[in-house]
Amino acid sequence: MTHTRADLPPAGARRLRYRLRVVGAAAGILALGTTVCVPAVSAAASAKTASLSHIGGSLTVWAEWSGAPEQGDFEAAYAPFAAETGVNINYRGEGSNMVTALQAAVSGGHPPDVAFVPSPAALQSLAAAGKLTALGPIIGSEAMNWGSAWNQLASYQGKLYGVWFKGANKNTIWYNPAEFAIAGIKTPPTTWEGLLADAATLKAAGVVPFSLCSDIGWPVADLWQNVYLKTAGAADYNKLAAHDIPWTDPTVTTAFDTLAKLVQPQYLLGGTAGALSTEAKYPSCVDQVFPKPGTMPKAAMVIEADFVVSEIVGNSSNYTAGTVGGAARLAQPTRLT
């Protein structure tokens, strides 16, 4: 599933974070309706790109990206294709309601030509209903360039219906080393038990363990899914996704009880009320841990996807690889009381 908030992180900033049982996610492109012409450009055909300018026509494209800067970035990405082929792209950003809007459009008989969907489940549901155009004959041998797992995620009953173009680390725990230093913690935890212990140590030292990004549901929901996968296993995870076991199943309550030990109110910035306040809205929730110049951190960790590095490094030039929070900040760690 893809939930966009910012662009992907540069590799150099990865020292800022501690990764906890990350599950990869992806976004895919689907062709809907009865006829969609997408040229598959092979090495031999690439020499004839000039002929692409004669394609013409138009495509209706839907995706999640709306508003600045994401919609503008996406439109800039397909602009060269439109210029080269003469195809007019009619784009519509549906935001977080992408799947709901797409299903409604399909049911009403007016789907877009191409849709970028946030999950394999959406692809499989539409393919099962016969609402997608199989891409195998269009893409041809190009599909061999992708790993079998990616092709499988974009297939239904052996037919390829999508192209997956992005993977992301969804539940990354980013930490401020200076706040850890205040509590005497020299290295980040490497286990769930260690994370719980460090959260308790931070709290005892007067440092709020977590700033929670809860302005929309997916950061906490994705974290819970990873916890469920760890505590219940892949078999029960698949059963729950297929509604073969109820949400009252002991495996479900165990996952909720496990997660509750981490996000208990005393570990959250502002408690339960704070987790539901404007401070929990992105990017403010990240700024509470990696503040802008002139302000101090209010929490030690924030749970978010990998794209938050753009916000972190944008807040201060000190947040770069090798400094993990800024040398000056680490030299004299201080905190709000």
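In this chain, residues are counted from 1 in sequence order. Computed over heavy atoms, backbone and side chain alike; hydrogens, waters and symmetry mates excluded.
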Legend entry - Heavy-atom check, side chain of Y175 versus side chain of P177, under 4.5 Å: yes
Legend entry - Residue pair V289 / S211: nearest heavy atoms and the distance that separates them: CG2-CB, 3.9 Å
Legend entry - Any W164 side-chain heavy atom under 4.5 Å of W146 side chain: no
Legend entry - Pair S107, Q103: side-chain N/O donor-acceptor within cut-off below 3.5 Å: no
Legend entry - Side-chain (K281) to main-chain (C213) donor-acceptor, under 3.5 angstrom: no
Legend entry - Verdict with reasoning, V302 to Q288, per side-chain contact (heavy atoms from CB on, under 4.5 Å): CA-CA 8 Å; V302 60; Q288 309 306 320; over 6 Å; no
Inset, instruction - Decide yes or no for W174 and V308: does some side-chain heavy atom of the first lie under 4.5 Å from some side-chain heavy atom of the second? - result: yes
Legend entry - Any side-chain heavy-atom pair of E75 and I89 under 4.5 Å: no
Legend entry - Side-chain donor/acceptor of T231 to backbone N/O of V227, under 3.5 Å: yes
Inset, instruction - Output the distance between atom CD (E304) and atom CG (L223), rounded to the nearest 0.5 Å. - result: 11.0 Å
Inset, instruction - Treating Ile, Leu, Val, Met, Phe, Trp and Tyr as nodes and any side-chain heavy-atom pair under 4.5 angstrom as an edge, say whether F210 and L269 lie in one connected cluster. - result: no
Inset, instruction - Could you go through the side-chain contact (heavy atoms from CB on, under 4.5 Å) check for I139 and L160 one step at a time? - result: CA-CA 9 Å; I139 294 176; L160 185 70; 4.1 Å; yes
Legend entry - Common cluster, V286/V208, ILVMFWY with side-chain heavy-atom separation under 4.5 Å: no
Inset, instruction - Establish, from distance only, whether the side-chain atoms of Y237 and Q225 form a donor-acceptor pair under 3.5 Å. - result: yes
Inset, instruction - Could you grab the distance from atom OG of S66 to atom CZ of R92, nearest 0.5 Å is fine? - result: 11.5 Å
Inset, instruction - Using only heavy-atom distances, determine whether the side chains of N88 and N90 contain a donor-acceptor pair under 3.5 Å. - result: yes
Inset, instruction - Flag the pair L212 / V220 as yes when at least one side-chain heavy-atom distance between them is below 4.5 Å, and no otherwise. - result: yes
Legend entry - E179 and K298 ion-paired at < 4.0 Å: no
Legend entry - Side chains of Y78 and V61 in contact at under 4.5 Å (non-hydrogen atoms): no
Legend entry - Other residues, nucleotides, ligands: >12 heavy atoms within 6.0 Å of K159 NZ: no
Legend entry - Within one Ile-Leu-Val-Met-Phe-Trp-Tyr cluster: W224 and I245, side-chain cutoff 4.5 Å: yes
Inset, instruction - Walk me through it: do N145 and E142 pass the test side chain to side chain donor-acceptor pair (under 3.5 Å)? - result: CA-CA 6 Å; N145 293 330; E142 296 295 326; 3.2 Å; yes
Inset, instruction - Keeping the roles fixed (side chain from N169, backbone from A305), state whether a donor-acceptor pair exists under 3.5 Å. - result: no
Legend entry - Close side-chain approach of L102 to L126, heavy-atom, < 4.5 Å: yes
Legend entry - same_hphob_cluster(Y267, F256) at 4.5 Å side-chain heavy-atom cutoff: yes
Legend entry - Spacing of CG belonging to L229 relative to CG belonging to N238, to within rounding of 0.5 Å: 8.5 Å
Legend entry - Nearest-0.5 Å distance, CG of residue L123 to CG of residue L153: 9.0 Å
Legend entry - Under 3.5 Å: donor-acceptor pair, side chain of S277, backbone of G274: yes
Inset, instruction - Please assess L135 against V163 for the test side-chain contact (heavy atoms from CB on, under 4.5 Å), listing each intermediate value before the final yes or no. - result: CA-CA 9 Å; L135 296 181; V163 177; 4.1 Å; yes
Inset, instruction - Tell me, yes or no, whether the heavy-atom count around Q152 atom CD, taken from other residues, nucleotides or ligands under 6.0 Å, exceeds 12. - result: no
Legend entry - Under 3.5 Å donor-acceptor, N176 side chain and F290 backbone: no
Inset, instruction - Give a yes or no on whether the ring-centroid distance for W65 and F116 is below 6.0 angstrom. - result: yes
Legend entry - side-chain contact (heavy atoms from CB on, under 4.5 Å) between Y91 and Q71, worked out: CA-CA 9 Å; Y91 176 70; Q71 181 170 335; 3.6 Å; yes
Inset, instruction - Please name the pair of heavy atoms, one in L240 and one in Y228, separated by the smallest distance, quoted to 0.1 Å. - result: CD2-CZ, 3.9 Å
Legend entry - Atom pair CD1 (I303) and CG (L262), whose distance is rounded to the nearest 0.5 Å: 5.0 Å
Inset, instruction - Answer whether the closest heavy-atom distance between the side chains of E64 and P118 falls below 4.5 Å. - result: yes
Inset, instruction - Drop me the distance from S310's OG to I312's CD1, to the nearest 0.5 angstrom. - result: 8.5 Å
Inset, instruction - Determine whether V263 and V207 fall in the same hydrophobic cluster, where Ile, Leu, Val, Met, Phe, Trp and Tyr are linked whenever their side-chain heavy atoms lie under 4.5 Å apart. - result: yes
Inset, instruction - Classify the side-chain pair Y161/S155 by whether it contains a donor and acceptor separated by less than 3.5 Å. - result: no
Inset, instruction - Might you point out which heavy atoms bring T187 and D198 nearest each other, and give the distance in Å? - result: O-OD2, 4.2 Å
Inset, instruction - Check for a donor-acceptor pair, side chain of Q264 on one end and backbone N or O of K261 on the other, with a separation under 3.5 Å. - result: yes
Inset, instruction - Of all the heavy-atom pairs spanning T172 and D306, show the shortest one and how long it is. - result: OG1-N, 4.4 Å
Legend entry - Distance-minimising heavy-atom pair for A300 and L202: CB-CD1, 3.8 Å
Inset, instruction - Indicate yes or no for a side-chain donor-acceptor contact from T295 to the backbone of K292 under 3.5 Å, with no hydrogens or angles considered. - result: yes
Inset, instruction - Specify the closest pair of heavy atoms between A127 and Y156, including all atoms of both residues, with the distance to one decimal. - result: CB-CB, 3.7 Å
